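For reference, the structure discussed in these notes is given below.
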Number of protein chains: 2
Amino acid sequence: MSSKVHTQQRILDAAQSLFAESGFNDTSLRQITTKAEVNLASVNYHFGSKKELIQAVLQRYLQVLMPRLDQEFDRLLASQKPNDLTQILSVFVKPLLDLNQLQRRGTRTFLQLLGRGYTDVQGHLRWFINQHYGRTLDKFVLLVQQSCPHLPQSEVFWRLHFSLGSIVFTMASSDALSEIAQADFNEAVDIEGVIRRLIPYLGAAIAAPVYSQDLKTVA
Amino acid sequence: MSSKVHTQQRILDAAQSLFAESGFNDTSLRQITTKAEVNLASVNYHFGSKKELIQAVLQRYLQVLMPRLDQEFDRLLASQKPNDLTQILSVFVKPLLDLNQLQRRGTRTFLQLLGRGYTDVQGHLRWFINQHYGRTLDKFVLLVQQSCPHLPQSEVFWRLHFSLGSIVFTMASSDALSEIAQADFNEAVDIEGVIRRLIPYLGAAIAAPVYSQDLKTVA
DNA sequence: CACACTTTTAAACACCTGTTTGAAATGTAC
DNA sequence: GTACATTTCAAACAGGTGTTTAAAAGTGTG
């Protein structure tokens, strides 16, 4: 039927869904090319290597998402007074959900890919994102620091990574978690619901007062 | 030198450090047996399969850690009034740090393994832990629910998984994060420091007020 | 020593991985 | 329609994986 879709796109589409499902390491080129109904060698012909294919899959989302986030961060930075942390975090919601227009289950897929990328191929994705979108991320860190003047820089660093962990881990296993929530609480959960649950959680977490050092009741 | 140490232990020791470093999927039996200086076939002889080896590695820690946690949970449950959330979370600190007596860098290794287990082999570890230590975990959930009576059960469920994500993700990439923290803030970070940073963060996060549903400024 | 049992060993097994090759097919411009 | 460039294809490549085999070595007991 849709045989006139270019091979590159068919590969990207097949790859992203398999990657999101099973991770990068556990998805072989043969699985991808079979699902895409293209020849095995075409991945290397069009993308060079599996590693570059992974980057291409992520880039399709990042190049849409990151400029929008950058714009939002600029908008918040322009306001005089420091912004509320919940406000800052809420900025992610619309750009993320808009990924559903890019692809059928775009938001979920992208966040799963992000999760896979951070856990599967140790460090590669972190380097890649920082290399390409470091400027944008710096704006976000600055916003958080402005909204939490009581926190030292290093504390913000750690807490943002703790937060990244919540997001990435939750999304990587979102299918399993949704199933459990469905079974245990008879509660249908979509990706938007999870995102909205995360915001007050992360907001309170990042802005939490620091641990009083002298309270060494243990150890 | 220490050639009279039983083969099983040598395999477990080599496996756990390689697993913690590179994950389960990216560590081959040949790497393990080379490092342990034993024959390749001995893994299958002593443990049956790679999967069972992974479980054995985790079990060595879990069978020490979980009973202690169980005891602590019982102690807290015995007190009449609901416990402070920070108190509940602090209960993890000592048992976790005591793993350093079991093995040289026991705490770090175990937490890294936990991280790997939850992200690498999707679902297997979750099932395994729940199967063996579900009772203990239920006590913990109960304690959290008692300390947060304003939260519906499903909210506690999600927030505990968000928290698990922070821990697991942070530990899986703790080496990389420590390096960055060292470089950017000239701040030496050990595993205990990370744990102590996590407690106020998670405490505030889990107990955060729920999102006011009608605040739909976005979407 | 001889017996039975456990453990170790080298080799092979069957299968899967990403990548490369060179010829065949297709598309495009003159 | 011929010439050129792009793309597809089946096949093979070199290397890695977990697991199994059957013989050898070691170990403890009567």
Side-chain angles (χ1 to χ4, degrees), chain A residues 1-59 113 116-117 119-125 128, chain B residues 1-59 113 116-117 119-125 128:
Chain A
M1 36 166 67
S2 57
S3 64
K4 221 51 225 144
V5 188
H6 291 145
T7 308
Q8 302 203 29
Q9 296 242 353
R10 314 200 62 184
I11 295 175
L12 286 174
D13 290 342
Q16 78 168 6
S17 78
L18 288 173
F19 283 155
E21 251 181 73
S22 319
F24 300 111
N25 290 335
D26 291 344
T27 302
S28 71
L29 293 184
R30 282 165 180 82
Q31 289 176 269
I32 295 171
T33 51
T34 299
K35 175 159 189 172
E37 296 179 335
V38 300
N39 187 272
L40 168 62
S42 51
V43 170
N44 292 280
Y45 177 77
H46 285 288
F47 297 94
S49 66
K50 184 181 181 182
K51 192 173 168 181
E52 289 167 281
L53 172 62
I54 295 175
Q55 292 185 352
V57 166
L58 283 163
Q59 264 292 35
L113 289 172
R116 298 296 183 183
T119 52
D120 278 17
V121 275
Q122 245 293 54
H124 290 190
L125 179 66
F128 179 80
Chain B
M1 36 166 63
S2 58
S3 65
K4 223 49 229 143
V5 188
H6 291 146
T7 307
Q8 302 202 32
Q9 296 243 352
R10 314 201 61 185
I11 294 175
L12 285 174
D13 290 342
Q16 78 169 6
S17 78
L18 289 173
F19 283 155
E21 250 181 72
S22 319
F24 300 111
N25 290 335
D26 292 343
T27 302
S28 71
L29 293 184
R30 282 164 181 82
Q31 288 177 267
I32 294 170
T33 51
T34 299
K35 175 159 190 170
E37 295 177 334
V38 299
N39 187 271
L40 168 62
S42 51
V43 170
N44 293 279
Y45 176 75
H46 285 289
F47 297 95
S49 66
K50 184 181 181 181
K51 192 173 168 180
E52 287 166 283
L53 172 63
I54 295 175
Q55 292 185 353
V57 167
L58 282 163
Q59 265 290 37
L113 288 172
R116 299 295 184 184
T119 53
D120 278 19
V121 276
Q122 244 294 53
H124 290 189
L125 179 66
F128 179 79

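So that the names make sense, note that chain A is the first sequence line, chain B the second, and so on, each numbered from 1. All values derive from a computational prediction rather than experimental measurement. Below, each value reflects all heavy atoms present in this structure, side chains not excepted, and no hydrogens, waters or symmetry copies.
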Q) Within the pair Thr7(A) and dT8(D), is there a side-chain N or O less than 4.0 Å away from OP1 or OP2? A)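 Answer yes for this pair, as a side-chain N or O of Thr7(A) is under 4.0 Å from OP1 or OP2.
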Q | His46(B) side chain near dT8(C) phosphate (N/O to OP1/OP2, under 4.0 Å) | A |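 Yes.
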Q. What heavy-atom pair brings Arg116(B) and Glu21(B) nearest, and what distance separates the two atoms?
A.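 Shortest heavy-atom contact: NH2-O, 2.9 Å.
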(Q) Looking at every heavy atom in both Thr27(A) and Leu18(A), which two are closest together, and how far apart are they? (A)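 Nearest heavy atoms, Thr27(A) then Leu18(A): OG1-O, 3.3 Å.
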Q: Could you run through nucleotides 10-20 of chain C and give me one letter per nucleotide, 5' to 3': B if any protein heavy atom sits under 4.0 Å from the base, S if only the sugar-phosphate is that close, - if neither?
A: B-B----BBBB
Can you check whether [X] reaches [Y] side chain to side chain, under 4.5 Å on heavy atoms?
X: Val43(A); Y: Lys50(A); result: no
X: Leu29(B); Y: Asn44(B); result: yes
X: Lys35(B); Y: Ser17(B); result: yes

Q | Atom pair distance, as rounded to whole Å: CD in Glu52(B) and P in dG18(D) | A |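 Whole-Å distance recorded here is 14 Å.
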